[in-house]
2 protein chains.
Amino acid sequence: MTGRTRGEQTKAAIIDAALALFTERGFDATTMRAIAESAGVSLGNAYYYFRSKDELVQGFYDRTAVEHGERLPEVLDGLDGLADRLTAHLDLWFELMAPQHPFAVGFFRNAADPASPLSPFSAASAPARTAAIELMERVVEDAAPPVPATVRAQLPEVLWLYHMGVVLFWVHDRSVEQAATRLLVRRTAPMIERVVALADLPALQATIVDLTTLLADLKAMAG
Amino acid sequence: MTGRTRGEQTKAAIIDAALALFTERGFDATTMRAIAESAGVSLGNAYYYFRSKDELVQGFYDRTAVEHGERLPEVLDGLDGLADRLTAHLDLWFELMAPQHPFAVGFFRNAADPASPLSPFSAASAPARTAAIELMERVVEDAAPPVPATVRAQLPEVLWLYHMGVVLFWVHDRSVEQAATRLLVRRTAPMIERVVALADLPALQATIVDLTTLLADLKAMAG
DNA sequence: GTCTATAACTAGATAGAC
DNA sequence: GTCTATCTAGTTATAGAC
């Protein structure tokens, strides 16, 4: 994890210091000066490595995403149902992000700005977004019973949108250990599995086509 | 609109100046100093009336909400179907907020913080939230065919949540004149009407009960 | 050319005088 | 209610060391 070169070590030291201080006293209450001092570097030096306070957050968000990908196979192992797999996937995310929850709001304030590179919808986030959708692909692909072909192609991206919605809820969740978010997932994941299982019903074809074309149209307009 | 007392006049002058500058150059690029200067007051005086730059935005957001309530009966007049009434309601909101769209992101960045009084879910926003749900009540109550009793009680609040989701989308919408958001509403409102119409189907009772209790549980945990 | 340190600048927010 | 002076913290500029 700690890079070879001196610069990479400094960079890691700054992220570590920031993480510790954010956790201890929150995002807004942590000054760049305090981070630099705690990391044993100058203020100017901290800005040499991170162009802004937000970019610093991106640093350990990326770390977490990597760890999420690494540990996903292990938590999916032995789970067949789509709801179980989806719940395990999100539970792992909650577990990894739990320490950051107290200051997640400070982070997501900026992610809420679509013009910000931190936004999950921004061009700058495209690699991270693609990687996240690929994780959903892994959740979907080995599910049993298999996902109906009708919705198979779109499902990972739709589930990623669901994930983003859950994250939004999680950020706002003031309940103890974000129990409300866990409840939300435990109740909605089975609903999703149920609806997906019905995707081949003739009565639902019109609605599925409606939703699919709507998504395609919206994506086209967003470009 | 312009209050009698000198204080109310000053306050209105500050809001007007802020609105003009935000529209002209955006939220971030407009400094409190520029607003104060443009309004012909000192910086300290601007802070006497508005504790923060964000609170200033709340000022004309409240103005808009009042106007929305006043003009709603006129746009609902003659419309029967739930989808048509819902679409008209949201279209009016888009029309009133369109001038603010360019800097809406600066505003919603803070509304995304549940701890902020600007959040629609905050205790400070309770009056505005209740008023907004009452507007949805008006959309629902005279709809024809009438909404099934099974979901009638919860529907206004659920539709308000839908409205908040649409607003989130609208804020991020970079398409010309927010056409993507209008498309989203025009396509999803009929889906909502269709689903609501099916609320009395025995096959759906379990899911409706699930959703209702989930909402109730989440609200209980949020308190 | 890669890193580090210090000083200066900007803008949100506050304190205290009138 | 209104002002001026001041503080704080994010960010930038710049100069120097390895």
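On a predicted model such as this, the values are computed, not experimentally measured, just so you know. Here is the naming used below: chain letters follow the sequence lines, and residue numbers restart at 1 for every chain.
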Could you tell me if B/Ser52 and B/Tyr47 have a donor-acceptor pair between their side chains, going purely by distance under 3.5 Å?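 No - no donor-acceptor pair under 3.5 Å links their side chains.
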
Compare the minimum distances between each of [options] and the side chain of [X], then state the nucleotide with the smallest one.
{"X": "B/Thr10", "options": "C/dT4, D/dT11, D/dT2", "result": "D/dT2"}
{"X": "B/Asn45", "options": "D/dT12, D/dT6, D/dC3", "result": "D/dC3"}
{"X": "B/Tyr48", "options": "C/dT6, D/dT2, C/dC3", "result": "D/dT2"}
{"X": "B/Tyr47", "options": "D/dC3, D/dT2, C/dT14", "result": "C/dT14"}
{"X": "B/Lys53", "options": "C/dG12, C/dT4, D/dG10", "result": "C/dG12"}

Euclidean distance, atom [atom1] of residue [X] to atom [atom2] of [N] [Å, nearest integer]:
{"X": "A/Arg33", "N": "D/dT8", "atom1": "CZ", "atom2": "C1'", "result": "8 Å"}
{"X": "B/Lys11", "N": "D/dT2", "atom1": "NZ", "atom2": "P", "result": "12 Å"}
{"X": "B/Glu8", "N": "D/dG1", "atom1": "CD", "atom2": "C1'", "result": "14 Å"}
{"X": "B/Asp54", "N": "C/dA11", "atom1": "CG", "atom2": "P", "result": "17 Å"}
{"X": "A/Met32", "N": "C/dC9", "atom1": "CE", "atom2": "P", "result": "20 Å"}
{"X": "B/Phe50", "N": "D/dT2", "atom1": "CZ", "atom2": "C1'", "result": "15 Å"}
{"X": "B/Leu56", "N": "C/dG12", "atom1": "CG", "atom2": "P", "result": "11 Å"}
{"X": "A/Glu37", "N": "C/dA5", "atom1": "CD", "atom2": "P", "result": "13 Å"}

Do the non-hydrogen side-chain atoms of B/Phe94 and B/His101 ever get within less than 4.5 Å of each other?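 No, side chains not in contact.
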
Are OP1 or OP2 of C/dG12 and a side-chain N or O of B/Ser52 less than 4.0 angstrom apart?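 So the side chain of B/Ser52 is outside the cut-off, no N or O lying under 4.0 Å from OP1 or OP2 of C/dG12.
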
May I ask you to evaluate whether B/Arg6 reaches the phosphate of D/dT2, defined as a side-chain N or O under 4.0 Å from OP1 or OP2?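 Checking D/dT2 against B/Arg6, a side-chain N or O does come within under 4.0 Å of OP1 or OP2.
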
Taking the six-membered ring for Trp, is the centroid-to-centroid distance between A/Phe22 and A/Phe103 below 6.0 Å?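 A/Phe22 vs A/Phe103: aromatic centres under 6.0 Å.
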
Output yes when A/Glu157 and A/Arg129 qualify as a salt bridge under the 4.0 Å nitrogen-oxygen rule, no when they do not.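 Salt bridge between A/Glu157 and A/Arg129, a charged N being under 4.0 Å from a carboxylate O: no.
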
salt_bridge(B/Asp16, B/Arg63) N-O dist < 4.0 Å: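 Looking at B/Arg63 together with B/Asp16, the answer is yes, because their closest N to O distance falls below 4.0 Å.
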
Once you apply a heavy-atom cut-off of 4.0 Å, does A/Tyr49 come out as touching a base, just sugar-phosphate, or nothing?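 Touches sugar-phosphate only.
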
Looking across every strand, which nucleic acid part, if any, lies under 4.0 Å from A/Thr31 by heavy atom: base, sugar-phosphate, or nothing?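 Answer is sugar-phosphate: A/Thr31 comes under 4.0 Å of backbone atoms only.
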
Does B/Leu43 or B/Gly7 map to a spot on DNA chain D nearer the 5' end, using the closest nucleotide for each?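 Its nearest nucleotide lies further toward 5', so the answer is B/Gly7.
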
